[in-house]
Q: 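Quick one: this structure, given as structure tokens, is what I'll be asking you about.
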Amino acid sequence: MNHQFKRIQYQFQGIYAPLKYIPLLNQQSNAILSKKPITNYKIHNLKSGMKNIIIETQIKTSKKATLLLTHLSLSKKSREKQINELIDIINKIKTPIILAGDLNTFQGKKELNNLIKQTNLKIHNPKTNKKTYPSFKPKKRFDYILTSKNIKVKNYKTLDIQLSDHLPVLIDFEIK
């Protein structure tokens with residue numbers, strides 16, 4: 001994994017500005033690690049929730065693909081609004097899509113039904129270690145990878161690596 005892109009998660013503004021001094025919060029980030037070069041990145045700042053960043057990148061392969069990495073809100077109400085914004089972002093993209101990240105779906109996959117229905121993304125299930133949180137003794141699945149129909153997932157697994165409070169997920173894929 002020679003290629004990476006990292007973005008600090010929170011952009012504290014307004015009444016939340018003092019939170020930038022809390023080490024637990026000001027060091028949280030999303031990261032993409034890839035064997036292939038990562039190009040053309042764009043940051044989407046969602047309108048609701050404190051966890052509100054979507055990273056959009058292209059992965060340089062023989063065919064173009066767009067990777068969206070997100071970390072959605074802990075608040076169900078904010079998360080629902082964010083999912084609707086995410087649907088709009090996804091539906092404007094013309095290349096095959098991989099959506100990954102901590103979706104904070106406390107009620108499981110059913111929170112993603114609207115996203116799946118309106119974008120035609122497919123949700124993938126790892127063969128082992130389906131739960132990703134907390135990393136030291138996983139009891140919940142908050143981390144997902146969804147793909148458009150022109151992405152063939154050859155391997156999907158949850159890695160038993162404790163780099164954060166969530167276990168990382170990994171896919172090997174090809175573009176059809």
Q: Please determine whether residues I87 and I123 belong to a single hydrophobic cluster, defined as Ile, Leu, Val, Met, Phe, Trp and Tyr linked transitively by side-chain heavy-atom distances below 4.5 Å.
A: yes
Q: Measuring from S48:OG to E85:CD, what's the distance to the nearest 0.5 Å?
A: 6.0 Å
Q: Can a donor-acceptor pair be found, under 3.5 Å and without considering hydrogens, that links the side chain of Q82 to the backbone of L46?
A: no
Q: Could you state the interatomic distance from CG (L86) to NE2 (H44), rounded to the nearest 0.5 Å?
A: 9.0 Å
Q: Is any side-chain heavy atom of K94 less than 4.5 Å from a side-chain heavy atom of K64?
A: no
Q: Step by step, would you call I145 with V153 a side chain to side chain contact (heavy atoms under 4.5 Å, CB included)?
A: CA-CA 10 Å; I145 296 178; V153 175; 5.8 Å; no
Q: Within the structure provided, determine whether P134 and D165 are in side-chain contact (heavy-atom separation under 4.5 Å).
A: no
Q: So, do T66 and P96 sit near enough that their side-chain heavy atoms are less than 4.5 Å apart?
A: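 Contact flag for T66/P96 side chains = no.
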Q: Side-chain heavy atoms under 4.5 angstrom apart, residues restricted to Ile, Leu, Val, Met, Phe, Trp, Tyr: same cluster for F106 and I83?
A: no
Q: If we ignore hydrogens and angles and just use 3.5 Å, is the side chain of R79 paired with the main-chain N or O of L74 as donor and acceptor?
A: yes
Q: Using the salt bridge (charged side-chain N to carboxylate O under 4.0 Å, His left out) rule, collect all pairs that involve residues 167-176, keeping only residues at least two apart or in two chains.
A: K154-E174
Q: Kindly indicate whether the side chain of L99, heavy atoms from C-beta on, has any atom under 4.5 Å from the side chain of T119.
A: no
Q: Does a side-chain heavy-atom distance below 4.5 Å link N40 with T57?
A: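 Contact flag for N40/T57 side chains = no.
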Q: Using modelled atom types and a 3.5 Å cut-off, is there a donor and acceptor pairing between side-chain atoms of N104 and backbone atoms of L72?
A: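 Present.
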Q: Give, for atom CD1 of I98 and atom CZ of F173, the distance between the pair rounded to the nearest 0.5 Å.
A: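 CZ of F173 is found 3.5 Å from CD1 of I98.
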Q: Are any side-chain N or O atoms of N91 and backbone N or O atoms of Q118, one a donor and one an acceptor, separated by less than 3.5 Å?
A: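 Yes: the side chain of N91 pairs with the backbone of Q118.
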Q: Is the shortest side-chain heavy-atom distance between K81 and N84 below 4.5 Å?
A: no
Q: Look at the side chain of T70 and the backbone N and O of I54, then say whether any donor-acceptor pair between them is shorter than 3.5 Å.
A: no
Q: R141 and Y156: which non-hydrogen atoms are nearest, and at how many Å?
A: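 Distance-wise, the nearest heavy atoms are NH2-OH, 3.3 Å.
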Q: Hey, could you give me the CG/NE2 distance between L103 and H71, rounded to the nearest 0.5 Å?
A: 9.0 Å
Q: Hey, could you give me the CD1/OH distance between I116 and Y144, rounded to the nearest 0.5 Å?
A: 9.0 Å
Q: Quick one: pull up CG in D143 and OG1 in T105 and give me the separation to the nearest 0.5 Å.
A: 8.5 Å
Q: Name all residues meeting the ring-ring contact (aromatic ring centres under 6.0 Å, His included) criterion together with Y133; count only those two or more places apart in sequence or in a different chain, and write none if there are none.
A: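 Y133 satisfies ring-ring contact (aromatic ring centres under 6.0 Å, His included) with F142, H166 only.
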Q: Heavy-atom distance under 4.5 Å between the side chains of L167 and D160, does that happen here?
A: yes
Q: Considering only heavy atoms from C-beta outward, does the side chain of T147 approach that of H124 to under 4.5 Å?
A: yes
